**Q** 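Here you go, one structure.
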Number of protein chains: 4
Amino acid sequence: MAPLNEDQLENIRNERKIQIMRAALKVFAANGFKLTKISLIAKEAGISHGLVYHYFKSKEEVLHESLEWAMELNETKKYLNELSEMAISPLEKIHNFTKFALSSSKYESSDIFRIIQHLEHTEDVPSHILEFTKNVGMMYVEFFIPIFIEGQEAGEIIQENPEELVGLFLTIISGVMADDPDYWHENMDHKISIFLRMITTR
Amino acid sequence: MAPLNEDQLENIRNERKIQIMRAALKVFAANGFKLTKISLIAKEAGISHGLVYHYFKSKEEVLHESLEWAMELNETKKYLNELSEMAISPLEKIHNFTKFALSSSKYESSDIFRIIQHLEHTEDVPSHILEFTKNVGMMYVEFFIPIFIEGQEAGEIIQENPEELVGLFLTIISGVMADDPDYWHENMDHKISIFLRMITTR
Amino acid sequence: MAPLNEDQLENIRNERKIQIMRAALKVFAANGFKLTKISLIAKEAGISHGLVYHYFKSKEEVLHESLEWAMELNETKKYLNELSEMAISPLEKIHNFTKFALSSSKYESSDIFRIIQHLEHTEDVPSHILEFTKNVGMMYVEFFIPIFIEGQEAGEIIQENPEELVGLFLTIISGVMADDPDYWHENMDHKISIFLRMITTR
Amino acid sequence: MAPLNEDQLENIRNERKIQIMRAALKVFAANGFKLTKISLIAKEAGISHGLVYHYFKSKEEVLHESLEWAMELNETKKYLNELSEMAISPLEKIHNFTKFALSSSKYESSDIFRIIQHLEHTEDVPSHILEFTKNVGMMYVEFFIPIFIEGQEAGEIIQENPEELVGLFLTIISGVMADDPDYWHENMDHKISIFLRMITTR
DNA sequence: CATGAATGAGCCTTCATTCAT
DNA sequence: TATGAATGAAGGCTCATTCAT
C-alpha cells in the first residue's frame, strides 16, 4: 500500500509534537527542568519515551520548543491584546489580568509562568532559554507600564514610580502563581480586590 | 591526653549535627529536596559526605531533623515572641515581620520558609515531613490572627474576615519569598509599605 | 497503465536490494558492523530506513547478503581471473594486484576487504559470517600460491616457503588496507615497488 | 578509628587509576572508542562501573588519561632511548624495533598503537586527543629518520627519500599491528627479516 | 568519629526493529 | 512496495548510600 501522503504525515507529526509539548509544559511546570523526567512527559503524553526523541533532540529542546510554541500560540498574548482593547478602566484591566493569571491551567499560560519561575531560580540555564524568559518578562512589564500610568492619570492608582509599581505587582503575581494556584480559586474576585488595594488610591 | 568524657563527646556530636543541619537548611532552601546533593551539604558543612551518614540515616532524615531543629531552636519563634511584646502598633508588627521574612538567610528562618515552599509543591513527601510543614503554617496563622484583629480594632487594618486576610497575607508572603528574595533588598521598607497597603485602611 | 508483470517486479526487487547492498558495503567498510547505523545505509541508498527491513530481516543479514552478493558478482574474482590470464610476469601480477587492492572504492572489492578486516577483529561474529570471511581469505591464498611459485621458478621471487610468503604478503596488504588507503594514492607505483622488494630477488 | 592517612589514600587512588587505565587501554585497543563500554572496562578492572567515574569524569577522559599515562610511563619511549644507544647497526635497530612493536601486549605499547590506529579512522575525535595521536606519530618519525639515514650511509638501506621510507615502514608496521598481532608471534625473526628486505640493500 | 572508596539504581539518549498506513 | 511513527533494550553518567580502614 502506498505510504501516507505528506499532509497526513505532517498532521501526525504536528499532532504528536503538540501532544508532547502540552504534556511537557504541564510536567515542567510541576517539577522544573531537572526534576522532569522524559519518561514522565512521555507517560503524560501517552507515548513511549523513545518517541520524544523522534520529535525533539534533547530534553532541553523539548523545553525550548514547548515554551516557544506556547508563547506563539499564546493565549496570553492574545489575551493581552484583547485586554488592551477592552472598554474598561485601567484598574479593571489589571484586575482582569490578575484573575486570568491566577486561573491556572485553563490555558497553558500559567504553566509558562511557573516554568519561567523555576528557570529563574535555576543555575546553568542555557542562554537561548534564558533569553526567552527575559523576553517574556519584558513583555509583561511593557504591557503594564502604560496601563498603570493611565490608571494614575485616572486617579485610580497611587502616585508611585510606575515601573516600580509594575515590578512589585508582577513580582508578587508571579511569586503567587508559582506558589499555590489552588488557593485563589475560591472567592477569587474578592481576594484579588484586596490584593489590588496595594496599588489603588482607595 | 585523657579521653574525652561522655558529655564532651555528646557535645562534639551535637556540634557536628548542628553544623550539618545548618548547612543542610541552606542548601535545601536553595535547591529543594531532590536537587540537593548530600555532597553539597557536606561541602557546605566542611566535612566529608560519608560523615553525614554517621549522624543521619538518610537524606530525608537530614531534612526532617534539620527542620525540627530549626523550629525548636527557632529564631522565628523567638522572633515572633519578641515581636508580640514589642511596644509597636499591630501594623508595624506586620511590617516588621514582613521585613524579617524577606531579609533572607540572616537567620535560618527564611530557609525554613523556602524549604516548606518547595515541599508543598512536591509529590511523595513523607507524611511526617508533610505534617511538619502544616504545623509551621498553622503557627503563623495563629500568631497573626490576633494581631490582625487588634489592627482592625485599632482601625489600621481593613474590616475583612481576619482569617481570610491572614491567609492572603501569608500566601503572598510565602509565594514571594520562594520567588526572588533579592528583589526586595533594595528599598525594602518602601516596597513593603506599598505591599501592605493591601490590608491597611487609608 | 498495465501493472508490472512478475519479472519486472522481480527486477525492481533486485534493483532495490542491490542498491541497498551497494550502500551497505560502503558504509560497513567505513564504519565496521556495529557502528554502522541502518539509517546511514538507508540514507546512502536514498531510501527510508524502514524499507531496508523489507528486503533484509536484520542488520546482520544485510551484512551477510551484501558480502555474498559482492563475492558472487565479484569484481575481485573477475579481476583475479583476468589477472591470471594476463601476459605479464608473476611479479607484475602481484604488483598489479597490490595496486588494485589499495586503490579503494573503485570497486566494491576493497570494501569487502575492509569489512572482513573489521570482522576479524570483532567478537561475537555469527558463525556463517565468520565462515564467509575465512573462505575469502582462503581464496586469495589459493590464488597467489601458484603465482608465487611461478615467480620463484622465474627467479623473480625469493626462495622461501611460498605459503609463508603469501601469508606474509596478504597479512601486510590487508593490514595496510584497513589502515590508511589514502596514504597510498600518491606515488602508488613507487611505494608498491619498494614494498614488494621484500619478496623480490633484487 | 582514624581514616586512612594521606599516603595510603594516595596509594589506593593511584593503584585504582592505574588498574582502570590498564584495563581501559586493553579494551579500547580491542574495540575502539565508541564500541568500548565503560562497563567492560570496569569488568576488566574488576570494579563497578560507577567507580570509573570516581576517577575519571567521562569515557573520553579515561581514554585521554590512559593514553597519556601509557606514554609517560611509556615503555616505548624508554625502549626507544635504549635502542638508540645500543651498539648495533641501524638495520639491526630497525629489526629490533619491529620485533618490539609486534610482540604485543607485553607492554601497553602495542595497545597504544592500536588505539591510535582506531582513532585515526574515527570521526569526531576531540582535538586534545587528536593532537596526542599526532604527537605520538611524530615521535616515531623523528626517531627513525636519522636511523634510516645512518643506515643509508652505512649502505644497509636503499637510497630512497628517507622520509618516504620511514613513512612507508611505519605505515605498514602500524597497519599490521592493528591487524593481527598473533600472526607474527611464530617465527617472528624470520618474518621480520623478509619484511625488512623491502628497505635493505642486497 | 572521619574519610572517601565502592556499589548500583535510575535517568537521558541512541538506535535496531516493528508496524500502521 | 514504501514511509516514517513507535517501541524498548542498552549504554553513559550521577548520586544516595554503604563500608573498609
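Nothing here was measured: the structure is a model prediction, and the numbers come from that model. Chain identifiers are assigned alphabetically (A, B, ...) following the order of the sequence lines, protein sequences preceding nucleic acid strands; residue numbering begins at 1 within each chain.
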**Q** Could you tell me whether A:Y55 contacts a base, only the sugar-phosphate backbone, or nothing, with contacts defined as non-hydrogen atoms closer than 4.0 Å?
**A** sugar-phosphate
**Q** For C:G46 and for B:S39, find the nucleotide of DNA chain F with the closest heavy atom, then tell me which residue's nucleotide is more 5'.
**A** C:G46
**Q** On a heavy-atom basis, which atom in A:R114 and which in A:A29 lie closest, and how many Å separate them?
**A** CG-O, 3.6 Å
**Q** I want to check a possible cation-pi pair here: C:K59 against C:F28, using under 6.0 Å from ring centre and within 45° of the ring axis as the test.
**A**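 No, C:K59 does not lie over the aromatic ring of C:F28.
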**Q** In the structure I gave you, are the side-chain heavy atoms of C:I20 and C:F56 within less than 4.5 Å of one another anywhere?
**A** yes
**Q** Does B:L119 form a side chain to side chain contact (heavy atoms under 4.5 Å, CB included) with B:L130? I'd like the steps, not just the answer.
**A** CA-CA 8 Å; B:L119 291 174; B:L130 207 55; 5.9 Å; no
**Q** Measure from the side-chain heavy atoms of B:H54 and tell me the nearest of E:dT3, F:dG12, F:dT17.
**A**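 Closest of the options to the side chain of B:H54: E:dT3.
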**Q** How do A:K34 and B:K57 order along DNA chain F: which one's closest nucleotide is nearer the 5' end?
**A**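 Looking at the nearest nucleotide for each, A:K34 comes out on the 5' side.
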**Q** Counting only side-chain heavy atoms from C-beta out, which of F:dA2, E:dT18, E:dA5 sits nearest to C:R16?
**A** F:dA2
**Q** Which stems, defined as runs of 3 or more consecutive Watson-Crick or G-U wobble pairs with both pairing distances under 3.5 Å, involve DNA chain F?
**A** E:2-21 with F:2-21
**Q** With 3.5 Å as the limit, what N/O pairs link the protein to nucleotides 8-10 of chain E?
**A**
{"residue": "E:dA9", "atom": "N6", "partner": "D:H49", "partner atom": "NE2", "Å": "3.0"}

**Q** Ignoring hydrogens and angles, tell me if any N or O in the side chain of D:E44 forms a donor-acceptor pair with the backbone of D:A23 under 3.5 Å.
**A** no
